[in-house]
Amino acid sequence: MKLQFSDTEISAIDILQNVILRLNTGNISQKKSRERLIEEHQKLKYFYDKNNYIVHNTRSQPNLSLNLQHRVSIANLQIDHEFPEKFLLCRVIIKFMKISALLALVEDPEGNVERLALYNWTRLPENNEEQMASRPIDQSFLPVGTKLVIKNLSYKVAADRNTIINSNNPEDIIIIDHNNDKLFGDLIWSSDLLDKKEIKVKTVDEFRRHGNDYFASKDYSAAIDEYSGGIELNPQNVTLLANRAEAYLRLFQFHNALNDIEVVLKYEPSHLKAAFRKGKALCGLKRYEEAIITLQDLHQSIKSSTNDSISSIKQSIEQLLKQAEILASENKNGQYDYISILDECCERAKIRKDSKGNDEWVHEVGARLDHADFLCEEDIEIRLVEGKGRGWVAKRDIPENALLMVSKAFSIVYNHEVLGYSTKNNIQNDLNSEELIYRITQKLMEEPYHCQEVYKLYNSLNLDKIDMNPANVDIIGGIVSYNSFSLDGVIVENSNLSGEGLWIMPSYFNHSCVDDNVTQYFLGDLMFIRSLRPILQGEELLLNYRRGAHNYENRSMFLKSVGIDCQCRVCKLDKSETPETAHKRAQLLNTVEKLLELVADEPEPDPSLIKKLEKTIFELHNLRKEHPELEFDTLEPSRILSIAYRKNGNLRKAISILEEVYNSYKNVYLGIIDWIVLDIVLYCVILEQMEEARKWVDILLERSAVPLLGKFKDEDKWKKEALYLTEKTVPFMDLAIKILYNNKNTKKNSEK
């Protein structure tokens with residue numbers, strides 16, 4: 001099956017191949033040793049395709065004629081370059097395995113080693129005769145020692161962030177006949193000169209030391225491999241088990257970490273580091289009360305010790321215990337210190353340039369925060385909703401601004417983390433979705449116990465009919481297509497945290513374009529959900545998935561892409577309009593678009609064009625005079641109309657237009673409404689109507705801060721925190737507030 005994105009498609013088997021490569025290779029962008037590459041390749045034996053295929057005939061050319069000056073070595077390959085006039089001479093050093101491509105390791109005469117991926121060499125048999133002729137990809141296919149000439153190769157960074165040689169055409173591969181090798185027969189291969197001593201078997205201690213070296217370089221996957229090699233030799237080695245547990249913790253594989261820790265504590269109950277790591281793992285598994293008990297017992301056991309090494313771990317235990325208690329309170333009571341979380345997010349969100357000029361996190365895990373989920377189980381529950389499937393429904397009356405849910409992303413991708421980052425939104429969205437599928441598939445393969453909670457999003461009513469294979473990419477792709485959330489334009493202290501993620505509990509909210517009664521707020525990988533208005537018992541809770549998609553064309557494209565048949569008021573109105581009305585609307589919108597081009601960039605727009613624009617906007621409104629609050633196509637034109645009046649010196653008219661727009665749409669949570677309020681603030685300041693400006697700043701503050709903070713009884717404290725929040729997350733609004741409250745040259749700056 002192929003997964004279709006807006007501009008691209010990719011097969012499920014290609015995604016699976018990339019995930020398997022990630023699972024089995026350390027995500028470290030540096031040249032690896034021959035030994036490490038072999039170790040990583042050998043792990044593919046657990047995943048490779050053992051089916052029979054029709055295989056492209058291999059070919060050799062006994063009288064091969066090549067210009068040796070065109071030979072390129074692996075060391076001289078350049079990433080993202082193709083080599084149409086060059087060829088690579090190499091030989092196979094470890095057998096091919098099939099996943100999507102045929103994968104092997106090759107070396108060149110200089111002794112450089114690299115991964116090789118051959119595409120388009122196999123196909124499924126189509127009849128009985130071909131079935132008889134088919135065979136698996138085993139050691140008989142281009143066996144170890146086979147010398148190859150590869151033409152038209154390309155050198156890429158694969159999805160696992162490691163390099164690989166790609167060849168897409170079997171005709172570009174020539175096998176060198178070693179019995180008749182006149183061209184390369186005298187060529188000396190450097191690896192043949194190595195001392196052919198018997199390969200030394202690693203000891204347990206060598207596995208430990210190599211694992212520690214990889215851990216120190218933050219290659220935790222490689223560290224786990226080394227520790228696992230030692231554990232195979234000595235399954236009761238508590239040092240290796242404890243070290244592997246810590247490596248699992250660094251990769252957020254909390255279930256695997258806990259399994260190792262339990263074995264350590266079975267053999268050595270007093271192992272302090274293991275007990276401490278058990279507290280970490282339990283927190284990661286959201287078993288906060290168990291974590292608290294574990295850490296309290298550990299703290300009590302070393303409380304009276306005066307040993308310096310114990311004192312060091314005692315402080316760490318106390319810090320983790322405090323964090324576990326905070327997590328437990330968040331999870332049980334929904335009590336969050338929003339300002340502290342904001343500060344944590346600002347610190348974690350810092351980005352710097354790496355040696356190649358790419359963005360990278362300063363903090364190791366970036367804007368992924370250490371906080372708990374919360375669900376107000378007394379207020380809401382998942383029920384079957386007629387015509388929709390599952391959805392959140394109010395169990396009792398819910399007041400406005402109530403915190404209903406806080407959810408930590410199951411998996412999240414930020415734009416700059418994606419290989420091939422693009423400034424074009426549609427391309428970046430596709431890259432984000434593809435990367436999110438990779439990460440979710442990898443997480444399920446690493447810890448399959450997550451499968452049930454994820455696959456329930458696909459079809460919770462028929463889990464027994466779902467293939468619970470953690471590598472079910474088709475299902476995971478469907479879940480990402482229909483349940484992921486986009487983070488568009490999320491800014492935290494000058495860091496752009498746009499991206500895409502999967503949040504489990506919020507995925508059960510159904511969509512409404514205008515009748516939404518809950519809202520979301522993103523802070524790092526946390527999503528906060530609050531009620532927008534009072535909600536009655538039995539009422540469905542609805543969330544607007546795309547607040548920016550307010551015109552019909554954008555909304556309909558989005559809804560179609562996620563398979564939603566929205567029945568909100570505006571969608572029903574759009575569908576019920578007569579062909580005549582739709583035609584008239586299209587004509588008026590075309591006129592508006594032409595007028596905006598004439599008016600928007602002029603320093604002093606023609607008054608007659610302004611009047612014509614105003615008249616056309618009025619006619620558009622008149623098409624929906626019975627539902628004026630549902631006429632979204634005039635929002636941006638009305639704002640530009642107000643700007644045109646402002647440019648011509650009529651500020652009061654500009655404010656009047658914007659106030660009318662705000663009063664019509666104040667209960668619709670669209671980003672453009674915030675810009676309209678900001679315009680009103682600045683125009684009031686220019687007119688020196690300071691009290692009026694402050695009134696509108698308070699409105700802007702409330703719209704920006706309430707979705708996270710809610711409302712406090714202590715208005716002064718709320719305003720102080722709201723101002724701090726906007727300073728960190730809403731730069732354009734922070735500018736307006738500083739202009740209004742702090743700048744003596746208020747009028748002059750506002751006019752600018």
Side-chain angles (χ1 to χ4, degrees), residues 491 494 595-596 598-615 617-618 621 634-706 709 711-712 714-752:
I491 305 294
N494 301 318
L595 288 169
L596 292 178
L598 296 171
V599 168
D601 295 329
E602 290 296 320
E604 293 185 13
D606 185 335
S608 65
L609 293 177
I610 295 175
K611 288 294 183 184
K612 189 172 181 181
L613 176 59
E614 189 170 12
K615 179 176 180 294
I617 291 172
F618 175 78
H621 266 296
T634 60
L635 279 170
E636 186 62 31
S638 294
R639 184 176 179 231
I640 294 175
L641 177 65
S642 75
I643 292 172
Y645 271 111
R646 191 264 298 167
K647 287 179 178 179
N648 282 5
N650 195 342
L651 277 169
R652 297 187 188 280
K653 177 67 174 177
I655 291 173
S656 174
I657 291 169
L658 296 175
E659 285 181 338
E660 184 178 350
V661 172
Y662 174 77
N663 289 328
S664 296
Y665 299 99
K666 61 185 177 183
N667 293 322
V668 179
Y669 285 79
L670 299 171
I672 190 173
I673 304 300
D674 296 338
W675 285 102
I676 285 170
V677 175
L678 178 60
D679 287 346
I680 296 173
V681 171
L682 297 178
Y683 296 168
C684 287
V685 170
I686 294 171
L687 291 172
E688 298 184 351
Q689 297 175 355
M690 307 311 291
E691 287 304 314
E692 186 70 7
R694 290 189 180 93
K695 181 191 84 172
W696 286 101
V697 163
D698 288 343
I699 290 172
L700 198 54
L701 263 182
E702 187 164 330
R703 289 179 64 87
S704 301
V706 164
L709 302 177
K711 287 290 284 185
F712 302 166
D714 185 341
E715 190 170 332
D716 289 339
K717 181 184 177 186
W718 182 89
K719 192 165 187 177
K720 182 179 179 181
E721 294 195 1
L723 286 168
Y724 186 70
L725 175 65
T726 54
E727 176 188 341
K728 299 294 186 182
T729 62
V730 195
F732 72 86
M733 184 178 163
D734 181 49
L735 173 64
I737 293 169
K738 286 178 178 176
I739 287 174
L740 183 60
Y741 287 108
N742 302 327
N743 200 312
K744 294 179 181 179
N745 299 315
T746 298
K747 182 175 179 179
K748 182 178 179 181
N749 279 277
S750 299
E751 288 171 343
K752 287 182 181 178

With sequence neighbours excluded, tell me which residues meet side-chain contact (heavy atoms from CB on, under 4.5 Å) with Asp714. Asp716, Lys717
Rounded to the nearest 0.5 Å, how far apart are CZ of Arg646 and CD1 of Ile686? 6.5 Å
Who passes side-chain hydrogen bond (donor to acceptor under 3.5 Å, both in side chains) against Lys615, sequence neighbours left out? Glu619
Go through the steps to decide whether Leu635 and Ile673 satisfy the test side-chain contact (heavy atoms from CB on, under 4.5 Å), and finish with yes or no. CA-CA 8 Å; Leu635 279 170; Ile673 304 300; 4.0 Å; yes
For Lys711, the salt bridge (Lys or Arg N to Asp or Glu O under 4.0 Å) test, sequence neighbours excluded, returns Glu702
List in chain and number order the residues that pass salt bridge (Lys or Arg N to Asp or Glu O under 4.0 Å) with Glu691, two or more places apart in sequence or in another chain; answer none if no residue qualifies. Arg694
With sequence neighbours excluded, what pairs up with Glu659 under the salt bridge (Lys or Arg N to Asp or Glu O under 4.0 Å) test? none
Contacts of Asp606 meeting side-chain hydrogen bond (donor to acceptor under 3.5 Å, both in side chains) (sequence neighbours excluded), chain-then-number -> Ser608
Could you give the distance from SG (Cys684) to CG (Asp679), rounded to the nearest 0.5 Å? 11.0 Å
Measure from the side-chain N and O atoms of Thr726 to the backbone N and O of Leu723, and report whether any donor-acceptor pair falls under 3.5 Å. yes
To the nearest 0.5 Å, atom OG of Ser638 lies from atom CD1 of Ile617 at 4.5 Å
Find the distance between OG (Ser642) and CD1 (Ile676) and round it off to the nearest 0.5 Å. 7.5 Å
Quick one: side-chain hydrogen bond (donor to acceptor under 3.5 Å, both in side chains) partners of Lys695, sequence neighbours excluded? Glu692
Please tabulate, one pair per line, all N/O donor-acceptor pairs under 3.5 Å involving side-chain atoms of residues 647-655, not counting sequence neighbours.
| residue | atom | partner | partner atom | Å |
| --- | --- | --- | --- | --- |
| Lys647 | NZ | Ala600 | O | 2.7 |
| Lys647 | NZ | Glu602 | O | 3.0 |
| Asn648 | ND2 | Pro605 | O | 2.9 |
| Asn650 | OD1 | Lys653 | N | 3.1 |
| Lys653 | NZ | Glu614 | OE2 | 3.1 |

Measuring from atom CG of Leu613 to atom CG of Leu641, what distance do you get when rounded to the nearest 0.5 angstrom? 5.0 Å
Nearest 0.5 Å, what's the CG-CD1 distance between Asp601 and Ile640? 9.0 Å
Give the C-alpha distance, both sets of side-chain angles, the deciding distance and a yes or no for side-chain contact (heavy atoms from CB on, under 4.5 Å) between Lys719 and Leu701. CA-CA 8 Å; Lys719 192 165 187 177; Leu701 263 182; 4.1 Å; yes
Take Tyr683 and Ile643 through the side-chain contact (heavy atoms from CB on, under 4.5 Å) test and state the conclusion after the steps. CA-CA 10 Å; Tyr683 296 168; Ile643 292 172; 3.6 Å; yes
Minimum heavy-atom distance Arg703-Asp674, with the two atoms named: NE-OD1, 2.7 Å
Just so I know, are the side chains of Val661 and Arg639 near enough to count as touching, which here means a heavy-atom distance under 4.5 Å? no
For Phe618, what residues pass the ring-ring contact (aromatic ring centres under 6.0 Å, His included) criterion, not counting sequence neighbours? none
Is the Trp696 ring parallel, tilted or perpendicular to the Tyr662 ring (thresholds 30°, 60°)? perpendicular
For Thr729, all residues meeting side-chain hydrogen bond (donor to acceptor under 3.5 Å, both in side chains), sequence neighbours excluded: Tyr521
